[in-house]
Amino acid sequence: MSKGIPKRNEDYSLWYNELVKKADLAENSPVRGCMVIKPYGYSIWEKMQAALDKMFKDTGHTNAYFPLFIPKSFLSKEAAHVEGFAKECAVVTHYRLKNAEDGSGVIVDPEAKLEEELIVRPTSETVIWSTYKNWIQSYRDLPLLVNQWANVVRWEMRTRLFLRTTEFLWQEGHTAHATRQEAIQETEQMLDVYAQFAEEFMAMPVVKGIKTPSERFAGAEETYCIEALMQDGKALQAGTSHFLGQNFAKAFDVTFANKEGKLDHVWGTSWGVSTRLMGALIMAHSDDEGLVLPPKLAPIQVVIVPIYKGEDSYAPIDEKAQEIRKALLAKGISVKYDNRDTHKPGFKFAEYELKGVPVRLALGLNDLANNTIEIARRDTKTKEVFALDGNITGKVEELLADIQHNIYQRALGFRAENTTKVDTYEEFKQLLDSKGGFIAAHWDETAETEAKIKEETKATIRCIPLDAEAEEGRCMVTGKPSKRRVLFARAY
RNA sequence: CGGGGUGUAGCGUAGCCCGGUAUCGCGCCACAUUUGGGAUGUGGAGGUCGUAGGUUCGAAUCCUGCCACCCCGACCA
């Protein structure tokens, strides 16, 4: 491992790419746009999964698994849906390889052509709704609350580790309801779950809002989202929850008999977050020394580094360190005791900073003599000497909680500083090119104006915030009346 | 998918213009001395120069196709 990573303020995207690789989160695979998620990176994803999965279960959902392949014909059932995904689908056309006759290797066997091509799922609405048709007959079968953890493939033109990969991991919830109102409530509930997860676990503040019609999910009647602000002033869509209306139910003819015995189409929702959250997590908190992980998602919450001179001094230090390690483990804290004698302490310090371990304990001969331990925290990079006759596990628990809180507050402060109200288009453009961030401005609610702004400034309407206050104003571009401000930003 | 750039050991690179089988640093292995912020010395291992062709007596070097990565556009979780 070479020393250091590029500086954030010199080249943000280079900093990001190098950090992902140097911190052992992921690397590129031989196939364009696909990544290998390395054990350390995957551990973080597993923690995210565990927390989200519990939240889904707590709100009444259960997991299931639907197939990777979708018959091509399914994609054409919901018009807007095809429109949205057709351009980025991977297609399976054959099922067999054979040795080339000239010995040059394997080739696709032309005789093994599929009658109907299979699409590698870009999302699962179509397979799932075609299945739901058989699962739902009566209002007694509703609501149907299912989630799946899966991989999906979207043939994106331009990819970036975690932020946009050809294949990515995600969860997709797909629910069916008897009434419009209930489906909308579900959509909103899951948006709240995402927002709560982002803020509580990722320590990342988000804005809850609604997408404009042009940014809406293909096949949805309404798309809700959570939007986060990254350190370079760009926005990142961190999760979406869609109210599908009866679109998919109609496309796949999913009906139910209501209490009056009348047939009606069911109302649907779908909602998802992906490994893109890893990118959000990295960009929300990390610095020039490496990752800064929120304690609630850090695979290693505490690292203990023994510092000794010669074999003789190791035994007593080891004994004390083991004792502390066990005490922390007993409190449910994940601890790594790094007693490798192949690396010096300074090397280890730098390495755990790169990997974002929230708390570091260093224990040496001086500490043994004084009955103390050195405690360093990653978020502020400060150190203190703690007397071991105090409650070390309590101290660490407190510190972990404080770090979690502190990085959230820091990100919240950053967002506040980088959210600006703007009333003129000139000011808007100027701000985008200087500090960026979220810009709250009036808009005339037309797709034309939205497109014009996007074309001229590359900024998009991230969302119409749910908590946007009613405020009479005039569209900054056309001067037409507007009832509230919407949130603009350049985005990932 | 269009424009630009890059690809040499695990990582970062020199060599390429002006063809003669590869430089340096980090890392790796062994031993010794080290260990409170990325250790030092000595010795050693590791490369079909992204890939497939072509030109040539000879290709990392020149030409062509392909693959991947980075940047800019169009597309997007």
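Convention: sequence-line order gives letters A, B, ...; per-chain numbering from 1.
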Item to complete: Using the test side chain to side chain donor-acceptor pair (under 3.5 Å), find all partners of A:Thr393 that sit at least two apart in sequence or belong to another chain.
Response: A:Asn391
Worksheet item: Taking RNA chain B as the partner, which of residues 274-299 of chain A come within under 4.0 angstrom of it by heavy atom?
Response: A:Ser274, A:Arg276
Item to complete: Return the set of residues passing side chain to side chain contact (heavy atoms under 4.5 Å, CB included) with A:Ala183 (not counting sequence neighbours), or none when no residue passes.
Response: A:His177, A:Phe243, A:Trp267, A:Thr269
Worksheet entry | Residue pairs passing the salt bridge (Lys or Arg N to Asp or Glu O under 4.0 Å) test where at least one lies in residues 291-307 of chain A, sequence neighbours excluded | none
Discussion item. Test: salt bridge (Lys or Arg N to Asp or Glu O under 4.0 Å). Region: residues 306-321 of chain A. Which pairs qualify, not counting sequence neighbours?
Written reply: A:Lys320-A:Glu323
Practice prompt. Return yes if the base of B:G37 and the side-chain atoms of A:Glu351 contain a donor-acceptor N/O pair under 3.5 Å, otherwise no.
Written response: no
Fill in: Nearest-nucleotide comparison on RNA chain B, the residue closer to the 5′ end among A:Ala218 and A:Glu455
A:Glu455
Discussion item. For A:Arg360, is there an ion pair with A:Asp338 - N to carboxylate O distance below 4.0 angstrom?
Written reply: no
Practice prompt. Decide, yes or no, whether a salt bridge links A:Lys381 with A:Glu353 under the criterion of side-chain N to carboxylate O below 4.0 Å.
Written response: yes
Fill in: salt bridge (Lys or Arg N to Asp or Glu O under 4.0 Å) partners of A:Arg32, counting only residues at least two apart
none
Worksheet entry | Integer angstrom distance from the C1' of B:C67 to that of B:G12 | 23 Å
Could you run down the sub-3.5 Å N/O contacts of the protein with nucleotides 67-73 of chain B?
| residue | atom | partner | partner atom | Å |
| --- | --- | --- | --- | --- |
| B:C69 | OP1 | A:Gly33 | N | 2.8 |
| B:C71 | OP1 | A:Ser13 | OG | 2.9 |
| B:C72 | OP2 | A:Arg158 | NH2 | 2.1 |
| B:G73 | OP1 | A:Lys458 | NZ | 2.3 |

Item to complete: Starting at the 5' end of RNA chain B, write a dot or bracket for each base, bracketing those in Watson-Crick or G-U wobble pairs whose two distances are under 3.5 Å and using | for partners on another strand.
Response: ((((((((.[[[..)....(...]]].((((((.....)))))).....[[[[[..)....]]]]])))))))....
Worksheet item: Can you name the closest pair of heavy atoms from A:Lys211 and A:Cys225 and give their distance?
Response: CE-SG, 3.7 Å
Polar atom pairs between nucleotides 4-7 of chain B and protein, under 3.5 Å, N or O only, would you list them?
none

Discussion item. Measure CD/A:Glu18 against P/B:G12 and give the value in whole Å, please.
Written reply: 7 Å
Worksheet item: When we call it a touch if two heavy atoms are under 4.0 Å apart, what does A:Phe168 touch: a base, just sugar-phosphate, or nothing?
Response: base
Report all interatomic pairs (protein N or O, nucleotide N or O of nucleotides 31-36 of chain B) with separations under 3.5 Å.
| residue | atom | partner | partner atom | Å |
| --- | --- | --- | --- | --- |
| B:U35 | O2' | A:Tyr308 | O | 3.0 |
| B:G36 | OP1 | A:Lys344 | NZ | 3.4 |
| B:G36 | N7 | A:Asn366 | ND2 | 3.4 |
| B:G36 | O6 | A:Gly364 | N | 3.4 |
| B:G36 | O6 | A:Gly364 | O | 3.2 |
| B:G36 | O6 | A:Leu365 | N | 3.1 |
| B:G36 | O6 | A:Asn366 | N | 2.7 |
| B:G36 | O6 | A:Asp367 | N | 3.0 |
| B:G36 | O6 | A:Asp367 | OD2 | 3.2 |
| B:G36 | N1 | A:Asp367 | OD2 | 2.4 |
| B:G36 | N2 | A:Asp367 | OD2 | 3.3 |

What nitrogen or oxygen pairs link the protein and nucleotides 40-42 of chain B at under 3.5 Å?
none

Donor-acceptor pairs under 3.5 Å, side chain of residues 36-43 of chain A to any protein atom, not counting sequence neighbours: which ones?
| residue | atom | partner | partner atom | Å |
| --- | --- | --- | --- | --- |
| A:Lys38 | NZ | A:Asp24 | OD1 | 2.7 |
| A:Tyr40 | OH | A:Lys355 | O | 2.6 |
| A:Ser43 | OG | A:Pro39 | O | 2.8 |

